[in-house]
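Here the structure is a predicted model, which is why all the values come from computation and not from measurement. Naming convention: chains lettered A, B, ... in sequence-line order (proteins, then strands); numbering from 1 in each chain.
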Amino acid sequence: MPELPEVETVRRGLTRLVQGATIAHVEVRYPKMVTPDADVFTAELISRKIERIDRRGKYLLFRFSGDLTMVSHLRMEGKYDVQPEGSPVSKHTHVIFHLTDNRELRYTDTRKFGRMQLVPTGEETTLAPSLGKLGPEPTAETLTLAYMVKIFGKSHKVVKPFLLDQTRIAGLGNIYADEVLWLSKINPLTPVDTLTPSQLSELRQNIIDEMALAIGGHGTTVHSFSTAFGEAGQFQNQLHVYGREGEPCERCGTELVKIKVAQRGTHFCPHCQPLPPEAKAALIHD
DNA sequence: GCGCGTGTTGATTA
DNA sequence: ATAATCAACACGCG
């Protein structure tokens, strides 16, 4: 459940369910998933209380008593859920946090891409390097137009992969990148330094609004996932382009297309999101 | 059965 | 600097 709105939805659900709970012991079934080594990881967590759960970009930060933080990234398919002690465990459940109240917090991840790392609280940005390099959160307060103008102005990359670069702006993934570009009527192949201040302003607002709207809808559920909390995301009903190739554009009726950009499936409307002539020139030139 | 694609990111090569 | 490729891994789909 990966992009920012989904991770935020997980954070809220987990806060409701396990904030204040205490770890009895931890079972690591797939040792590669955790840092430090599983024996240290499990020993460190015994008797810790989950004081709160924070989020930064797509990372979850479990704050434990004794100034210990677990940095957790769900990657492609990681999920948390809370079950009564002893209920059947999926073969894709890789870490089980046994709580002292006869419940279990479980981490399940079909593809095993997710990772969790224990660090002293306050040192996460140095010990979890990618966390330290994250760009600003996509909110009105933290993602300023001045910052947008600055970073977009000095890069020659095309906009789709630029939006996926977590060091520029934190939290956008493949679905919402396509959505905000459609909302902004910007072609995914547009070099970012050809975007006008006016376009950047609109893009910024759409990013901010879209994140808030998707969080309000409890995120997007694709495939057949239900979330951990019985509150499957609803936002897939509000997607305009992602997964809708071949369907008519809601604005103009033109058939939506899907192409590959920087190895990622990319959906857009060829009529509403034309490649600007100067962008074409830049592409051919390079 | 095979090849391809999948909401991510990090390392390695030109 | 940037872009492509591959890697981690498992599964659904045509």
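When rounded to the nearest whole Å, the span between CG of A/D109 and P of B/dT6 equals 18 Å. When the C1' atom of B/dG7 is taken as reference, atom NE2 of A/H218 falls 19 Å away, rounded to whole Å. If you measure from atom NE2 of A/H156 to atom P of C/dA1, you get 12 Å, rounded to the nearest angstrom. Rounded to an integer number of Å, the gap from A/L164 CG to C/dA3 C1' is 14 Å. Summarising the geometry, the separation between CZ on A/R56 and C1' on B/dT9 is reported as 16 Å, rounded to the nearest angstrom. For the pair A/M76 CE and B/dT6 C1', the computed distance is 5 Å after rounding to whole Å. Between A/R264 atom CZ and C/dC6 atom C1' the separation is 14 Å, expressed in whole Å. The separation between A/K160 atom NZ and C/dA3 atom P is 14 Å, rounded to whole Å.
A/K133 comes within 4.0 angstrom of no nucleic acid atom, judged by non-hydrogen atoms across all strands. At the heavy-atom level, A/Q263 lies under 4.0 Å from base atoms of the strands shown. Across all strands shown, A/Y242 has heavy atoms under 4.0 Å from sugar-phosphate atoms exclusively, and none from any base. Nucleic acid contact class of A/K91 (heavy atoms, under 4.0 Å, all strands): sugar-phosphate only. Residue contacts shown for A/F235 are absent, as no nucleic acid heavy atom lies under 4.0 Å away.
The side chain of A/R75 sits closest to C/dA8 out of C/dC11, C/dA8, C/dA3. Nearest to the side-chain atoms of A/K260 among the listed nucleotides C/dA8, B/dT6, B/dT8 stands B/dT6. Closest to the A/H92 side chain, of the nucleotides C/dT2, C/dC11, B/dT8, is C/dC11. The side chain of A/S155 lies closest to C/dT2 when the candidates are B/dG5, B/dT9, C/dT2.
Proximity of A/H240 to A/L183: side-chain heavy atoms (C-beta onward) are separated by under 4.5 Å at one or more points.
The side chain of A/K154 places no N or O atom within less than 4.0 Å of a non-bridging phosphate oxygen (OP1 or OP2) of C/dA1. When the side-chain nitrogen and oxygen atoms of A/T110 are compared with OP1 and OP2 of C/dC9, none of them lie within a distance under 4.0 Å. The side chain of A/K58 contributes no N or O atom lying less than 4.0 Å from OP1 or OP2 of B/dG7. At the phosphate of B/dG7, neither OP1 nor OP2 sits under 4.0 Å from any side-chain N or O atom of A/K79. A/Y59 has no side-chain polar atom (N or O) that falls below the 4.0 Å cut-off from OP1 or OP2 of B/dT8. Regarding contacts with the backbone of B/dT9, a side-chain N or O of A/H73 is found under 4.0 angstrom from either OP1 or OP2.
Ring pair A/F235/A/Y176 is tilted by interplanar angle, where 30° to 60° counts as tilted. The aromatic rings of A/F97 and A/F62 sit parallel, their planes meeting at an angle under 30°, below the 60° perpendicular limit.
A salt bridge links A/R56 with A/E137: the closest approach of a Lys/Arg side-chain nitrogen to an acidic carboxylate oxygen falls below 4.0 angstrom.
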Step-by-step side-chain hydrogen bond (donor to acceptor under 3.5 Å, both in side chains) determination, A/N174 to A/K160: CA-CA 9 Å; A/N174 206 39; A/K160 169 70 187 281; 2.8 Å; yes

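A 3.5 Å limit on both hydrogen-bonding distances identifies no Watson-Crick or G-U partner for B/dG7.
Exactly one residue among A/H156, A/K157, A/K154 makes a side chain to side chain donor-acceptor pair (under 3.5 Å) with A/D193. That residue is A/H156.
In summary, the aromatic rings of A/Y242 and A/H267 are positioned with their centroids under 6.0 Å apart.
Summary of the strand contacts: A/Q166 and A/R111 both lie near DNA chain B, and taking for each the nucleotide with the nearest heavy atom, the more 5' one is attributed to A/R111.
Comparing C/dC9 with B/dA11, their P atoms are spaced 16 Å from each other, to the whole Å. For the P atom pair drawn from C/dC6 and B/dG3, the interatomic distance equals 15 Å after rounding to whole Å. Rounded to whole Å, the P atom of C/dA4 lies 16 Å from the corresponding atom of B/dG5.
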